[in-house]
A.B. asks: 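Supplied in structure tokens, the structure appears directly below.
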Amino acid sequence: MSPTELSSKYDSKEVETKWYTLWEKNGYFRPQSDQNKSTVHGPQITEKKTVDRGPSTVDSPYVIVIPPPNVTGILHVGHALNNSIQDILTRWNRMKGRDTLWVPGVDHAGIATQNVVEKKLAKEKITRQQIGREKFLEHVWKWKEENGSTITRQLRRLGASCDWSRERFTMDEGLSKAVREAFVTLYERGLIYQGDYIINWCPRCQTALSDEEAEHKEVEGGLYYIKYPISVSEAKGSPVAQFIIVATTRPETMLGDTAVAVNPNDERYKYLIGKKLLLPLVNREIPVIADEFVDPQFGTGAVKVTPAHDPNDFEMGNRHKLERINVMHPDGKINEKGGPYNGMDRFEARKKIIVDLEALGLFVEKKKHKHAVGHCYRCATIVEPYLSKQWFVKMKPLAEKALKAHAAGKTKFYPDRWTKVYTNWLEGIRDWCISRQIWWGHQVPVWYCQKCQEGRGKKEEGREKKDASLFSLPSSLGIIVARETPIKCPTCGGTDLQQDPDVLDTWFSSWLWPFSTLGWPNKTDDLKHFYPTSDLITAPEIIFFWVARMIMAGVEFMGEVPFSKIYIHGTVRAEGGLKMSKSLGNSIDPIEVIDEMGADALRFSMIMLSAQDVYLSREKFEVGRNFVNKLWNASRFVLMNLGSSTVDSRQSTERNQDTETVDHGLLTVDFLPNRWILSRLSKVTETVDKYLNEFSLAQAASELYHFVWNDYCDWFIELSKPVLEKGSAAEKSETQQILLFVLETIMRLLHPFIPFITEEIWQKLKELSANSDQSSETIMLAPWPKSSDFPRDAQAEKSIEWLQNAVSGIRDLRTRVNLPPSQTVQAVVATANQEVKKVFEAFIPQIKVLGRLDSLTIESNFQKSKAYLGNAFADFEVFIKIEGLVNPEEERKRSQKKIAEVEGWIKGITSKLSNENFVKNAPSEIIDQEKLKLSDAQKLLKAYHEHLSLFQ
RNA sequence: GGGCGGUUAGUUCAGUUGGUUAGAACGCUACCUUGACAUGGUAGAGGUCACAGGUUCGAGUCCUGUACCGCCCACCA
């Protein structure tokens with residue numbers, strides 16, 4: 001096969017491997033600025049640089065950081081969409097000549113990864129507790145070495161043009177340094193504290209979770225009504241009631257009750273306030289307290305108070321100085337404080353307690369009760385509000401700065417409606433619990449001096465009783481918060497230092513991502529050059545987890561928001577609306593799709609569907625597959641029909657006497673269809689740019705799809721066939737040039753969307769083209785098309801539209817009378833446009849043009865095509881000699897209706913134009929617009945009247 | 001409980017500031033094995049733009065209300 005031929009079938013696998021390897025090897029993914037310095041990063045860009053794209057000083061670098069996928073992750077359709085979008089934007093900006101960087105990386109995903117490795121060890125009957133922290137972490141690192149690059153390999157299959165020489169991992173050395181820097185800085189600014197609070201506890205993972213990590217789901221549960229008897233010690237005299245009935249959704253927590261609360265204004269219970277109750281099963285005396293929090297309308301208006309197991313009760317406990325009795329082990333089993341229930345699982349205990357209360361006659365009833373219950377986002381276990389000592393970040397001050405930046409217009413969400421979601425969350429922000437009781441992650445950079453601690457323990461004892469809720473961390477008490485691992489205690493010089501065993505929330509490293517990946521806290525060149533980044537592309541579900549926190553971190557640590565535009569794309573769902581997920585078994589493996597149809601097909605299909613949430617099924621990928629196939633075959637056609645000579649689109653050709661020579665920027669073109677396709681190309685180029693600028697990737701793709709398929713293939717290529725066969729030498733040669741030129745431009749326009757096939761085809765076209773624009777060694781670095789290089793030609797567009805309508809109209813009539821394709825029909829076309837007439841006569845097959853009608857008379861054996869109505873402003877008629885098909889009655893009615901409509905329109909514009917206020921105040925261009933509309937409407941009215949007259 | 005989004009062809013969705021005949025893809029019907037492509041071509045059928053009011057010469061588009069669907073947030077036990 002010659003180097004300029006294409007095989008009859010596109011082999012996506014071969015092409016994809018070939019080009020991706022080459023791109024990466026040649027350093028095309030790296031920012032252009034890298035070539036100016038000898039960096040240590042990856043391969044050098046060896047080959048000569050491409051084209052001069054004009055002054056590059058005006059453009060700031062274009063930078064995206066990848067939302068780091070979990071190291072345990074495998075590419076799912078959500079990743080495929082997210083990264084396709086990022087790649088499109090990256091490639092587009094790179095072609096526009098901007099210094100472009102897409103930073104890739106992977107997240108260590110604390111709990112998720114730990115779970116995976118634990119499961120793996122469980123198969124060998126090993127628990128992490130058995131082997132200890134150090135050994136376990138070795139296993140995790142080993143697992144990471146062996147399996148951690150799956151996702152980045154898969155991103156390569158997708159075509160992602162990330163700068164892999166800058167790939168980062170949230171646990172690598174640099175990022176660990178960043179994490180410590182952030183923690184200590186916040187600590188120094190008084191924004192980090194440790195304290196005993198009710199947090200979300202996952203009894204399975206045995207760790208604290210942040211509020212965002214507890215997913216609330218509606219659950220059909222029970223509301224249990226239980227009698228709490230009034231203590232006999234209070235029963236002197238004659239109490240009106242023997243007991244108070246409380247309502248609870250979690251009866252097992254009653255073991256830790258230390259009060260019952262009622263609303264101070266609740267008449268039913270007022271007299272009981274201050275009295276003592278006898279807590280059933282436990283037989284502890286607890287007081288009745290009054291608290292505004294209690295809603296008299298709910299349940300019985302009396303609430304059991306369990307400060308150690310419920311956030312509200314915790315608050316009440318603080319207000320009333322109640323004791324906190326923790327009745328649960330970290331694994332969710334009742335502890336020794338729970339007396340006879342010691343050792344039982346919380347849900348088991350719930351059942352048993354109800355049975356026991358029933359036996360005592362203290363259980364009233366269980367009512368059905370729908371309420372939201374928190375579930376662990378990793379393992380879906382019901383989380384337990386649990387009292388424990390954790391590290392927190394004070395978020396208010398951070399959120400305020402982020403809000404200020406937003407008010408100053410520094411962050412913009414696309415689509416805009418997410419803005420409010422973001423600001424609302426910031427406004428109601430709560431402190432962030434950042435410590436986790438797992439092993440895989442960044443260990444809290446806090447050390448305790450054993451010696452000082454002993455002394456402190458004694459001091460603390462006295463005060464713990466008073467207020468254990470919160471204590472600051474005076475370093476004098478042997479607590480060391482440091483960037484570098486300390487060797488000895490600064491207070492006493494002791495060397496027995498123990499690091500806090502907790503690790504930090506995974507998001508505590510992710511929120512630093514936009515600057516930690518560029519080298520922070522070191523003042524690196526990358527950081528200086530590439531921060532802040534440009535766009536952030538992500539899914540709605542991590543706006544709180546990640547986006548908002550990154551913005552806060554950026555403002556706090558860098559003094560600048562990390563990115564200015566945030567594009568939130570849709571969620572990928574299965575047909576029927578359910579989110580695609582492995583657990584539901586309704587997911588599609590993108591790698592399978594790539595194997596089967598190619599990465600380009602996958603990307604293009606997903607982007608076409610991405611105007612909002614993406615509803616996927618296997619069949620949906622056929623759109624992209626078919627398109628890729630179409631493109632391949634159109635290219636084959638062009639390459640087969642170029643003739644042997646190399647084409648230079650600038651070269652002049654012999655001019656046709658009849659037609660005007662039109663200068664199309666770079667090109668000089670005569671022939672009407674050629675002028676038309678260039679004009680369409682111009683329009684499409686402009687539109688694609690506009691859509692990409694506003695993140696409307698689906699519209700951009702759709703625009704290109706229809707241009708290629710309908711304009712280029714269906715009309716231009718089809719029209720070129722008779723031209724190549726029987727056109728004049730000049731027409732023929734010009735058409736060949738334009739076929740090539742437009743195809744080459746199409747490749748560049750499509751390259752960001754479907755990088756592989758466009759590179760493959762472009763390389764072949766390049767060899768045939770003498771156009772200097774195409775001299776770069778890869779399409780990746782070829783310049784992005786500029787619509788000004790081939791400006792619009794309104795006249796040509798109008799003429800071809802005329803022709804299209806006429807041809808369609810004739811074909812319509814042909815089908816309706818069942819004419820075989822081979823049969824020529826006689827047609828009369830009426831047009832004053834000589835060019836159109838010429839194209840029609842010379843190149844529209846199977847239609848014999850009889851002549852030209854200047855007046856609208858119809859011979860009886862000619863039938864009028866409905867193409868007449870195709871464009872009310874186009875002054876043409878088509879008649880072909882076939883038996884009757886037009887219904888005059890219908891035509892008359894339609895005309896009358898239209899006439900009435902247009903008359904109303906004219907009336908409206910006229911009244912607007914005669915409105916004094918309007919004429920006086922409206923901007924002149926608006927008035928001109930109205931006048932133009934009026935004249936158009938009058939023309940239209942005339943056309944309809946003429947049409948009507950044909951059928952009177 | 002609060003907030004947000006949606007309701008347009010058989011299906012999945014576009015529809016920019018109100019304006020000629022509401023578009024596309026898939027599906028469907030008829031014809032076409034035409035030397036780029038049957039993963040194709042030509043043509044066609046198919047819509048009371050959820051419902052009820054309102055503004056306007058004119059509403060899928062703006063306003064008010066209703067119904068249904070979906071999503072997010074939320075410490076009333």
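Reminder, nothing fancy here: chain letters follow the sequence lines and each chain counts from 1.
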A.B. asks: Report the nucleotide, chosen from B/C37, B/A25, B/A77, that has the shortest atom-to-atom distance to any side-chain atom of A/R636.
C.D. replies: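 For the A/R636 side chain, the nearest candidate turns out to be B/C37.
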A.B. asks: At under 4.0 Å, does any side-chain N or O of A/W709 touch on OP1 or OP2 of B/G41?
C.D. replies: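 Checking A/W709 against B/G41: at least one side-chain N or O falls below 4.0 Å of OP1 or OP2.
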A.B. asks: Respond yes when some side-chain nitrogen or oxygen of A/K420 is under 4.0 Å from OP1 or OP2 of B/C4, and no when none is.
C.D. replies: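 Looking at the OP1 and OP2 atoms of B/C4, one of them is under 4.0 Å from a side-chain N or O of A/K420.
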A.B. asks: Please work out if A/V628 contacts a base, only the sugar-phosphate, or nothing of the nucleic acid, heavy-atom cut-off 4.0 Å.
C.D. replies: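 The residue A/V628 makes no contact with any strand.
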A.B. asks: For A/E315, report the nucleic acid contact type (base, sugar-phosphate, nothing); a contact means any heavy atom under 4.0 Å.
C.D. replies: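 Contact class for A/E315: none.
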A.B. asks: Return the value, rounded to whole Å, for the distance between atom CZ of A/R417 and atom P of B/C71.
C.D. replies: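 Going from A/R417 (CZ) to B/C71 (P), I get 14 Å.
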A.B. asks: Starting from C1' on B/U39, measure out to OH on A/Y705 and report it in whole angstrom.
C.D. replies: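 So the OH-C1' distance, A/Y705 to B/U39, works out to 10 Å.
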A.B. asks: Quick one: is A/Q699 getting a side-chain N or O under 4.0 Å of the B/G15 phosphate, OP1 or OP2?
C.D. replies: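 Answer yes for this pair, as a side-chain N or O of A/Q699 is under 4.0 Å from OP1 or OP2.
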A.B. asks: Can you tell me whether the side chain of A/K9 and the base of B/U39 have a donor-acceptor pair closer than 3.5 Å?
C.D. replies: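 A donor-acceptor contact between them is present.
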A.B. asks: Does the B/A36 base have a donor-acceptor partner in the side chain of A/E718 within less than 3.5 Å?
C.D. replies: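 Present.
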A.B. asks: Among B/A77, B/C37, B/A36, which nucleotide sits nearest the side chain of A/A634?
C.D. replies: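 The listed nucleotide nearest to A/A634's side chain is B/A36.
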A.B. asks: Quote, to the nearest angstrom, the C1' distance that separates B/G27 from B/C13.
C.D. replies: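 B/G27 and B/C13 have their C1' atoms separated by 14 Å.
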A.B. asks: Select one nucleotide: of B/U39, B/G41, B/A25, the one nearest the side-chain heavy atoms of A/V623.
C.D. replies: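 The listed nucleotide nearest to A/V623's side chain is B/A25.
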A.B. asks: Measure the distance from CG on A/L704 to P on B/A14 and round it to the nearest whole Å.
C.D. replies: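 Going from A/L704 (CG) to B/A14 (P), I get 19 Å.
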A.B. asks: For A/N641, answer base if it contacts any base atom (sugar-phosphate contacts may also be present), sugar-phosphate if it contacts only those atoms, and nothing otherwise; contact means non-hydrogen atoms under 4.0 Å.
C.D. replies: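 It contacts nothing in the nucleic acid.
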A.B. asks: Under a 4.0 Å N-O cut-off, is there an ion pair linking A/K721 with A/E718?
C.D. replies: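 Yes, charged N to carboxylate O under 4.0 Å.
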A.B. asks: Given B/A36, B/G41, B/A24, which nucleotide is nearest the side-chain atoms of A/I717?
C.D. replies: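 Closest nucleotide to the A/I717 side chain: B/A36.
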A.B. asks: Do any N or O atoms from the side chain of A/Y422 and from the backbone of A/F413 form a donor-acceptor pair under 3.5 angstrom?
C.D. replies: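 Looks like no, no N/O pair under 3.5 Å.
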A.B. asks: Quote, to the nearest angstrom, the C1' distance that separates B/A25 from B/U39.
C.D. replies: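 14 Å, rounded to whole Å.
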A.B. asks: Using only side-chain N and O atoms of A/N626, determine if any of them is under 4.0 Å from OP1 or OP2 of B/G40.
C.D. replies: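 Yes, A/N626 has a side-chain N/O under 4.0 Å of OP1/OP2 on B/G40.
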A.B. asks: Of all the choices, B/A25, B/U39, B/A36, which nucleotide is nearest to the side chain of A/R625 once you look at every atom?
C.D. replies: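 Closest nucleotide to the A/R625 side chain: B/U39.
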A.B. asks: Between B/A24, B/A36, B/C76, spot the one nearest the side chain of A/K721, thanks.
C.D. replies: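 Of the candidates, B/A36 comes closest.
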A.B. asks: Picking from B/A77, B/A74, B/G40, which would you name as closest to the side chain of A/A372?
C.D. replies: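 The closest nucleotide is B/A74.
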A.B. asks: Across the strands shown, which category fits A/F627 at heavy-atom distances under 4.0 angstrom: base, sugar-phosphate, nothing?
C.D. replies: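 Nothing, no heavy atom under 4.0 Å.
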A.B. asks: Which part of the nucleic acid does A/A698 contact within heavy-atom distance under 4.0 Å: base, sugar-phosphate only, or nothing?
C.D. replies: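 No contact.
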A.B. asks: What nucleotide among B/A77, B/U16, B/C37 has an atom nearest to a side-chain atom of A/K690?
C.D. replies: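 Ranking B/A77, B/U16, B/C37 by closest atom to the A/K690 side chain puts B/U16 first.
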